Amino acid sequence: MKIASWNVNSLKVRLPQVLEWLGQARPDILGLQETKLTDENFPAAEIEAAGYHVAYSGQKTYNGVAVLAREPVTDVVTDIPGFEDHQRRVLAATVGSTRFVNLYVPNGKAVGDEKYDYKLAWLAHLREWLATELETHDELAVVGDFNIAPEDRDVHDPEAWHEQVLCSTPEREALAALTALGLSDSFRRFDHPEGTFSWWDYRMNNFRRNRGLRIDLILTAPRLTERLSASYVDRDPRGWERPSDHAPVVAEFTP
DNA sequence: ATGGTCGGTAGCCGA
């Protein structure tokens, strides 16, 4: 089994690349973030024609998440229970025996900004929800754009990013509170070259210079962690014409 | 030199 996560920064623009990548990578489940499409504008027919079932939760202009899967998608949840939010950032679904939680974690804008406080509150509610999801689903995967670089080795220039948004101690502690539930950062179960990132700002030729951060993660519950056979970033689509600023991240499991 | 690019939208905001 192969699962993946990709912040596409507008599915309207990136649909051809998503279809291309589905064709070559053939993931069983793919979580998309920043679709930036209302549900009535979601390109479900094109995705289904590529052999994928799909569930989506979107809004105009901002945010928006979707789950694409080769098997039917059921038991869809689009909000953190008990946390009122008009921003479409959550899509949990069951695919086969896998419980798949796809997230677009708030960016936070800057440490101390009201958006930063919203981010930390959002993550605190997420933790409570995932604790209950873990009680009911052994094969839980939590994927998405977490907008948090877990450690300094996930940052091209840790000094420049020190205590900045995406790297601050409260954000990292909020992420650590998720992994403390028993969810493993699958990427770190394997060896990787230094400077492996998943997001590179469009500005300043940051991709060419590999000035990036690893903020797109696949967290796995123990029953999936023990079956992990690979976890990596597929950098290729970031180098395509008119790319997203994020690359897909992938995890593979033995049957 | 304190910006720099995208995408969506509408003449700026968010990332």
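Because only heavy atoms are used, hydrogens play no part in the values below, and waters and symmetry mates are left out as well, while side chains stay in. Lettering of chains follows the sequences in order, A, B, ..., and the numbering in each one begins at 1. The structure presented is a predicted model; accordingly, all values stated were derived computationally and were not measured.
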Q: Would you say the side chains of A:H246 and A:W200 form a donor-acceptor pair under 3.5 Å?
A: no

Q: How long is the line joining NZ of A:K12 and C1' of B:dT9, in whole Å?
A: 10 Å

Q: Using the C1' atom as the reference point in each nucleotide, state the distance between B:dA10 and B:dA1 in Å, no decimals.
A: 30 Å

Q: Under 3.5 Å, which donor-acceptor pairs do the side chains of residues 103-113 of chain A form with other protein atoms, sequence neighbours left out?
A:
from: A:Y104; atom 1: OH; to: A:E34; atom 2: OE1; distance (Å): 3.3
from: A:N107; atom 1: OD1; to: A:K109; atom 2: N; distance (Å): 2.8
from: A:D113; atom 1: OD1; to: A:K115; atom 2: N; distance (Å): 2.8

Q: How far does the P atom of B:dG3 sit from the matching atom of B:dG7, given to the nearest Å?
A: 23 Å

Q: Nearest whole Å is fine: how far is B:dG7 P from A:Q33 CD?
A: 17 Å

Q: In whole Å, what separates the P atom of B:dG11 from that of B:dT5?
A: 22 Å

Q: Which donor-acceptor pairs under 3.5 Å do side chains of residues 40-52 of chain A form with protein atoms, sequence neighbours excluded?
A:
from: A:N41; atom 1: ND2; to: A:T38; atom 2: OG1; distance (Å): 3.0
from: A:Y52; atom 1: OH; to: A:P27; atom 2: O; distance (Å): 2.7

Q: Taking the same atom, P, in B:dA15 and in B:dT9, what whole-Å distance lies between them?
A: 15 Å

Q: Just to verify, what does A:F100 make a ring pair (Phe, Tyr, Trp, His ring centres under 6.0 Å) with, not counting sequence neighbours?
A: none

Q: Check this for me, if you would: do A:D154 and A:R188 make a salt bridge, where the nitrogen-to-carboxylate-oxygen distance has to be below 4.0 angstrom?
A: yes

Q: Rounded to whole angstrom units, what separation is found between the CE atom of A:M204 and the C1' atom of B:dA1?
A: 11 Å

Q: Provide the full list of ring pair (Phe, Tyr, Trp, His ring centres under 6.0 Å) pairs with a residue in residues 123-142 of chain A, sequence neighbours left out, each pair given once.
A: A:F83-A:H125

Q: I'd like to know if A:D39 pairs up with A:R88 as an ion pair, taking the criterion as any Lys NZ or Arg NE/NH1/NH2 lying under 4.0 Å from an Asp or Glu carboxylate oxygen.
A: no

Q: Going by an N to O cut-off under 4.0 Å, is there a salt bridge joining A:R99 and A:E139?
A: no

Q: Rounded to the nearest angstrom, tell me the gap between atom CG in A:N205 and atom P in B:dG3.
A: 19 Å

Q: With the sugar-phosphate defined as primed atoms, P, OP1 and OP2, and the base as all remaining atoms, what B/S/- string results for nucleotides 10-15 of chain B, 5' to 3', for protein heavy atoms under 4.0 Å?
A: ----SB

Q: Distance check needed: B:dC6 C1' versus A:E241 CD, whole Å only.
A: 14 Å

Q: Should the pair A:K119-A:E171 be classified as a salt bridge under the 4.0 Å nitrogen-to-oxygen rule?
A: yes

Q: Can you sort out which residues in residues 149-173 of chain A have a heavy atom within less than 4.0 Å of DNA chain B? Ascending by number, please.
A: none

